[in-house]
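Heads up: numbering here begins at 1 and tracks the sequence. Ligands are counted one by one from 1 in listed order, and the atoms in each one are counted from 1 as well.
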Amino acid sequence: MRVVISGDSTLPRVLSGIQPTGEPHLGNLLGALRYWVEDQSRGDCFYCVVDLHGLTVAGDASERRTASITMATLLLAAGLDPDVCTLFLQSHVPAHSQLAWIMECTASYGELSRMTQFKDKTAKGGEQASRVGLFTYPCLMAADILAYDADRVPVGDDQRQHLELARDLAQRFNTTYGDTFVVPEAAIAPPGRGARIMNLQDPTRKMSKTTDNPGGVVGLFDSPGDIERKIKRAVTDTEAGPGALRYDRETKPGVSNLLELLGTLRGNDPETVALDYTRYGDLKADVASAVLEVVEPIQQRFREISKDPDYVADVLRSGARSANKVASATLRRAYRAVGLVAAGGTDAIRW
Ligand code: AMP
Ligand code: TRP
């Protein structure tokens, strides 16, 4: 069942989110944000800064406030156009949290325990000390998606398992209570095209906002000089001679990551890019200039938009208005389906 509440019914509904905490990086841009921008013109798109998800780990309140606004500004600088998509903060739409509870009552403890992101994030501090919100995080994420009847969810490869869970929960709910939710599809870049950008200093681990290895993370707010330096210092390997520069994720993760970066930016596959190079230094120089070519204009727009905080506030206010309309209608549908009595409604009282 496709229930269209507002917008253009012929366009696929798109929903995605990004956490405000931590430095946004090249992995975010290539694995997710550029698809958000592309989808704007061919979908009815809802994009949110998932500030509630940010509460699953410790953080300072005033830094959180700044980070949410900074992230929204960055999304505009990266090319989101509020005239064609809906941009909002997750906490401005209460239906996300309300529907998350319905999802928590649909998911099982066992399936949440299998989430690799939870296991990774609790590996250091231990599960016992972790916040319950970190454990139930995928239920809130499922709510984010299902609240908008999303057909398509553009994300990086690391979100594949969470998306699978959102689909399972939608299907289980529909089977139990009748058709209520649209079952979403993950939209993940094909392998080798930016779905999983790796840390330049440790190319066996993904580039991440929370990392022990910041030297390998190209931050979208890094200075051009720092970006160039980080790329030039990227770990490769010691193989030399003809054929050394090739794409092989298993045995040559460093070089392969650089080839993938350049290929993604140029719209080519990494194997083809490799044909043009024999020296690692030449490849790194071209990766650096290709990265700067996309990042510098974003930084420039970010500086401009930041001068007008009222504009960003207006975008978020009107985004929240549109998002609330859609999400609150879905929530009402879900409440009715599970048997919650509508406030002021007497239709269920017939004894
Ligand atoms: P997060 O930084 O976890 O809020 O992620 C925001 C979006 O960026 C999600 O769609 C992630 O899947 C995507 N993403 C995060 N890190 C990477 C990476 N290293 N490579 C590709 N996509 C990524
Ligand atoms: N979990 C996602 C991440 O860490 C962020 C996120 C929250 C999200 N809700 C979402 C992504 C809904 C897509 C759709 O990257």
Ser256-Asp248 side chain donor-acceptor pair, cut-off 3.5 Å | no
Residue portion contacting ligand 1 (non-hydrogen atoms closer than 4.0 Å) for Ala195 = backbone
Note: Gln159, heavy atoms under 4.0 Å from ligand 2, region reported as side chain
In sequence, state the C-alpha distance, the side-chain angles, and the governing distance for Asp39 and Arg152, and then conclude on salt bridge (charged side-chain N to carboxylate O under 4.0 Å, His left out).
-> CA-CA 10 Å; Asp39 275 352; Arg152 188 180 150 78; 3.0 Å; yes
Atom 9 (N) of ligand 2: which protein heavy atom is closest, and how many Å away?
-> Asp144 OD2, 2.7 Å
One finds that the ligand 1 atoms under 4.0 Å from a non-hydrogen atom of Lys209 are 1 (P), 2 (O), 4 (O)
Does any N/O atom on Gly17 come nearer than 3.5 Å to any N/O atom on ligand 1?
-> no
List, one per line, each side-chain donor-acceptor pair under 3.5 Å for residues 288-296, sequence neighbours excluded.
from, atom 1, to, atom 2, distance (Å)
Ser289, OG, Ala285, O, 3.4
Ser289, OG, Asp286, O, 3.3

So, is Asp157 polar-close to ligand 1, with some N/O to N/O distance under 3.5 Å?
-> no
Met207 CE to Leu29 CG distance, which is reported to the nearest 0.5 Å = 11.0 Å
In ligand 2, the atoms that come under 4.0 Å of a heavy atom of Ile145 are 12 (C), 14 (C)
Short N-O contact, Glu239 and Arg246, less than 4.0 angstrom | yes
Ligand 2 to Val155, heavy atom cutoff 4.0 Å, flagged ligand atoms 11 (C), 13 (C)
Quick note on ligand 2: atoms under 4.0 Å from a heavy atom of Val50 include exactly 7 (C), 9 (N)
Say whether Thr116 and Gln161, considering side chains only, have a donor N or O and an acceptor N or O under 3.5 Å apart.
-> yes
Closest to atom 16 (N) of ligand 1 (heavy atoms only, candidates Lys206, Arg205, His25, Gln19) is His25
Among Tyr148, Phe46, Tyr137, the residue with a heavy atom nearest to atom 1 (N) of ligand 2 is Tyr137
State whether the shortest distance between N or O atoms of Ser16 and N or O atoms of ligand 1 falls below 3.5 angstrom.
-> no
Which ligand 2 atoms does Leu15 reach within 4.0 Å, using its non-hydrogen atoms?
-> 12 (C), 14 (C)
Classify the side-chain pair Tyr280/Asp237 by whether it contains a donor and acceptor separated by less than 3.5 Å.
-> yes
Does Ser322 use its side chain to pair, donor to acceptor, with the backbone of Ser318 at less than 3.5 Å?
-> yes
In the protein, what heavy atom is nearest to atom 23 (C) of ligand 1, and what distance, to one decimal place, separates them?
-> Gly27 O, 3.4 Å
Are side-chain heavy atoms of Val217 and Ile197 found at a separation under 4.5 Å?
-> no
Contacting atoms of ligand 2, where contact means under 4.0 angstrom from a heavy atom of Ser16 | 13 (C), 14 (C)
Mind checking whether Ile18 contacts ligand 2 via backbone (N, CA, C, O), side chain (CB onward), both or neither, at a 4.0 Å heavy-atom cut-off?
-> neither
Does the ring centre of Tyr148 sit less than 6.0 Å away from the ring centre of His96?
-> yes
Under 4.0 Å from ligand 2, counting heavy atoms only, is it the side chain of Asp158, its backbone, both or neither?
-> neither
Can you tell me the protein heavy atom closest to atom 10 (O) of ligand 1 and the distance?
-> Gly156 N, 3.1 Å
Ion pair Glu260/Arg249, N-O distance below 4.0 Å | yes
Sidechain N-carboxylate O distance under 4.0 Å for Asp44, Arg13 = yes
Is there at least one pair of N or O atoms, one from Met198 and one from ligand 1, spaced under 3.5 Å apart?
-> no
Would you call Lys230-Asp222 a salt bridge at under 4.0 Å N-O?
-> yes
Just jot down the ligand 2 atoms closer than 4.0 angstrom to any heavy atom of Val153, in number order.
-> 13 (C), 14 (C)
Contact atoms of ligand 1, heavy-atom distance to Gly194 under 4.0 Å = 21 (C)
Ile197 N/O under 3.5 Å from ligand 1 N/O | yes
What is the closest protein heavy atom to atom 5 (O) of ligand 1, and at what distance does it sit?
-> Asn28 ND2, 3.4 Å
Identify, by atom number and element, the atoms of ligand 2 in contact range of Gln19, meaning under 4.0 Å from any of its heavy atoms.
-> 4 (O)
Numbering as shown, the atoms of ligand 1 that approach Ala32 to under 4.0 Å (heavy-atom distance) = 7 (C), 8 (O), 10 (O)
Give the atoms of ligand 1, by number and element, whose distance to some non-hydrogen atom of Gln159 is under 4.0 Å.
-> 12 (O)
Should Arg196 and Asp158 be marked as a salt bridge (charged side-chain N to carboxylate O under 4.0 Å, His left out) after you check the CA-CA gap, both sets of side-chain angles, and the distance that decides it?
-> CA-CA 7 Å; Arg196 184 175 279 265; Asp158 60 344; 5.7 Å; no
Are Asp149 and Arg333 within salt-bridge range, i.e. N to O under 4.0 Å?
-> yes
Taking only heavy atoms of His53 into account, list the atoms of ligand 2 that are under 4.0 Å away from them.
-> 7 (C), 9 (N)
Residues Asp212, Lys124: salt bridge by 4.0 Å N-O rule | yes
Proximal atoms of ligand 1 relative to Asp158 (non-hydrogen, under 4.0 Å) | 11 (C), 12 (O), 15 (C)
Could you list the atoms of ligand 1 found under 4.0 angstrom from a heavy atom of Gly31?
-> 21 (C), 22 (N)
Atoms of ligand 1 close to Ile18 [distance to a heavy atom under 4.0 angstrom, numbered from 1] | 4 (O), 6 (C)
Phe88 and Tyr47: ring pair (Phe, Tyr, Trp, His ring centres under 6.0 Å), yes or no, with the steps?
-> CA-CA 7 Å; Phe88 63 101; Tyr47 298 123; 9.3 Å; no
Would you mind checking if Glu228 and Lys232 are paired as a salt bridge, meaning a charged N to carboxylate O distance below 4.0 Å?
-> yes
What part of Leu140, side chain from CB on, backbone N/CA/C/O, both or neither, has a heavy atom under 4.0 Å from ligand 2?
-> neither
